[in-house]
Protein chains: 2
Amino acid sequence: MPRAERERQMVAVAEEIFADRGYLAASMDDIAERCGVSKPMIYEYFGSKEGLLVACIREARTELAKATTESVIGAATPEEALRRGLVAFFEFTDTHRRAWSLMLRSEAAVAGPAAAAEIEAGRQEQVEIDMALFRAFLPETSEVELEAAAQIVVGACERLSLWYVGRDDVTADQAADHLMLALWTGLSSLVRA
Amino acid sequence: MPRAERERQMVAVAEEIFADRGYLAASMDDIAERCGVSKPMIYEYFGSKEGLLVACIREARTELAKATTESVIGAATPEEALRRGLVAFFEFTDTHRRAWSLMLRSEAAVAGPAAAAEIEAGRQEQVEIDMALFRAFLPETSEVELEAAAQIVVGACERLSLWYVGRDDVTADQAADHLMLALWTGLSSLVRA
DNA sequence: GAGTCAAGCTTACCCGGGGTAGGTTACTTG
DNA sequence: CAAGTAACCTACCCCGGGTAAGCTTGACTC
């Protein structure tokens, strides 16, 4: 099997095993066996166990960035853009649960500095997408304010997606609704209602 | 040295080493040596490496829950309660950086299921504190709505604290301000400004 | 004061799994 | 067909989590 194809297979298998058993409990021998290949092949292509994890995360975050950026194309108002981005995000986390749990669960230094950096880079990517969006609609707002808002959106999305994926009585659309109410309209509106 | 005291010392040393080098890179032999004790003592008291991590996390989350619940006592309006809670939270993450980075970095299944559960329990604790607060001020609002709002607040706090701790030009108060603007007033207000 | 029990502690070891050295096969290319 | 290289293997090293078995010391009983 040619290298490129084998690498894709390895990433796919690793994603599944990492997500299932957790990074620590997954052994490289097992992954190799499931690929029908011996362990040194993985080391040849990915360098280390952490390297393999990084490859998995990178693939997931590339897909996520693609899905969210594409979703906001052509939105007329900031409200519409935000809502569309949220729905796309929640749909992604729902349909790509394995990939998403990898990005969440393999936090930082537990797997190693490279994996930590990859995950943080993924978040930062989302932050920058959000900032670009806000900046386009809100030219008057300061950069600090924009970044704070973007971080808030990313954090809220992350947490809410975990919550809604665990409940089958809430759809991606409803999750986006809740988030729009809180972030866009503001929680203060609940008091007056 | 009596057991209780030794346990406290072990947790303190472990917290530091885990936070410094990361969970994987920290070896039990090193931790034992820094305690002036041999490895089996730690296993006697905490059962496993993961058990030791769980003890560290539990201590940190207990402190955090204490700080945030105490901060909102006596608040007259929901706005004041929310703001006070946020400030207390950001101050905690700033002054207890090691403990906080442990809670964030040792995500989920990477260390093992018990550690994952402990961290999720910590988040859920915060969610419930928030829900109780909201419920007190907003008796009309549905439980689903309350929980969604609480999840959003927790997620936004987590992310924003990481951001603000990394920037020395932002104070806990200002971080709380940004969050109040986004969550309480709503981002829509930026458009009209 | 000898006997006993437990708490706190040790040395010396096992073994799974990440990572590597060095070689084999088989296909391309000049 | 010789040379090179891509894809792959077996066999091994060794660190570090985890354990077995026993030592020391002090308190408490008879």
Side-chain angles (χ1 to χ4, degrees), chain A residues 1-57 102 105-106 108-116 118, chain B residues 1-57 102 105-106 108-116 118:
Chain A
M1 192 182 293
R3 174 165 185 155
E5 190 182 339
R6 183 66 83 189
E7 280 182 351
R8 276 194 299 276
Q9 181 207 19
M10 285 170 173
V11 167
V13 167
E15 179 183 298
E16 187 180 338
I17 295 192
F18 282 150
D20 273 10
R21 308 185 203 170
Y23 178 75
L24 277 191
S27 90
M28 293 296 269
D29 285 299
D30 287 354
I31 296 173
E33 194 182 345
R34 281 271 290 272
C35 292
V37 129
S38 72
K39 196 168 52 167
M41 284 310 298
I42 309 184
Y43 282 88
E44 175 73 22
Y45 292 162
F46 295 97
S48 68
K49 189 181 186 183
E50 192 186 1
L52 182 58
L53 176 63
V54 166
C56 293
I57 297 170
L102 255 194
R105 290 165 55 177
S106 335
V110 186
E118 190 62 30
Chain B
M1 189 180 294
R3 174 165 184 155
E5 190 181 338
R6 182 66 82 189
E7 281 182 351
R8 276 194 299 275
Q9 180 206 19
M10 285 170 174
V11 167
V13 168
E15 178 183 299
E16 187 179 338
I17 295 192
F18 282 151
D20 273 10
R21 307 184 205 170
Y23 178 74
L24 276 192
S27 89
M28 293 296 270
D29 286 298
D30 288 353
I31 296 173
E33 194 183 345
R34 281 269 291 271
C35 292
V37 127
S38 71
K39 195 169 53 167
M41 284 309 299
I42 309 185
Y43 282 89
E44 176 73 21
Y45 292 163
F46 294 96
S48 68
K49 188 180 186 183
E50 192 185 3
L52 182 57
L53 175 63
V54 166
C56 293
I57 296 170
L102 254 195
R105 289 166 54 179
S106 338
V110 187
E118 191 62 32

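A quick note: this is a predicted structure, and the numbers were derived from the prediction, not measured. We name chains A, B, ... by the order of the sequence lines, and we start the count at 1 in each one.
- Residue contacts shown for Tyr45(A) are limited to sugar-phosphate atoms, with no base heavy atom under 4.0 Å away.
- In this structure, the CD1 atom of Ile31(B) is 12 Å from the P atom of dG16(D), given to the nearest Å.
- Here Pro40(B) lies in heavy-atom contact (under 4.0 Å) with a base.
- For the pair Asp29(A) CG and dT10(D) P, the computed distance is 12 Å after rounding to whole Å.
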Exercise. Hey, mind stepping through Val37(B) and Met1(B) against side chain to side chain contact (heavy atoms under 4.5 Å, CB included) and telling me if it holds?
Worked result: CA-CA 11 Å; Val37(B) 127; Met1(B) 189 180 294; over 6 Å; no

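- Checked against dG18(D), dC8(D), dG8(C), the side chain of Ser48(B) finds its nearest nucleotide in dG18(D).
- Rounding to whole angstrom units, CD of residue Glu5(A) and C1' of dC8(D) are separated by 15 Å.
- Between the CE atom of Met1(A) and the C1' atom of dA26(C) there is a distance of 16 Å, given to the nearest Å.
- Once rounded to the nearest 0.5 Å, the distance linking CD1 of Ile42(B) with OG of Ser48(B) reads 11.0 Å.
- Residue-level contact check: Ser27(A) touches the backbone only, with heavy atoms under 4.0 Å from sugar-phosphate atoms and none from bases.
- When distances are taken from the side chain of Arg6(A) to each of dG18(D), dC8(D), dC9(C), the shortest belongs to dC8(D).
- With respect to Asp29(A), the salt bridge (charged side-chain N to carboxylate O under 4.0 Å, His left out) criterion is satisfied by exactly one of Lys39(A), Arg34(A), Lys49(A): Lys39(A).
- Atom CD1 in Ile42(A) sits about 15 Å away from atom P in dA7(D), given to the nearest Å.
- Using a 4.0 Å heavy-atom distance criterion, Ala26(A) is classed as a sugar-phosphate-only contact.
- Side-chain atoms of Tyr23(B) come within 3.5 Å of backbone atoms of Glu50(B) as a donor-acceptor pair (strictly under, hydrogens ignored).
- Spacing between atom CG of Leu24(A) and atom P of dG16(C) amounts to 17 Å, rounded to whole angstrom units.
- At whole-Å resolution of the value, OH in Tyr43(B) and P in dG18(D) are 4 Å apart.
- Remark: P of dG8(C) and CZ of Phe46(B) are 13 Å apart, rounded to the nearest angstrom.
- Looking at the side chain of Lys49(B), the nearest of the listed nucleotides dT20(C), dG17(D), dT10(C) is dG17(D).
- When side chains are defined from C-beta on, Arg6(B) counts as touching Gln9(B), because their heavy atoms get closer than 4.5 Å.
- Residue Lys39(B) has its side chain nearest to dT19(D) when only dT19(D), dG8(C), dG19(C) are considered.
- Residue Met41(B) is classed as a base contact, given a heavy-atom separation below 4.0 Å to a base.
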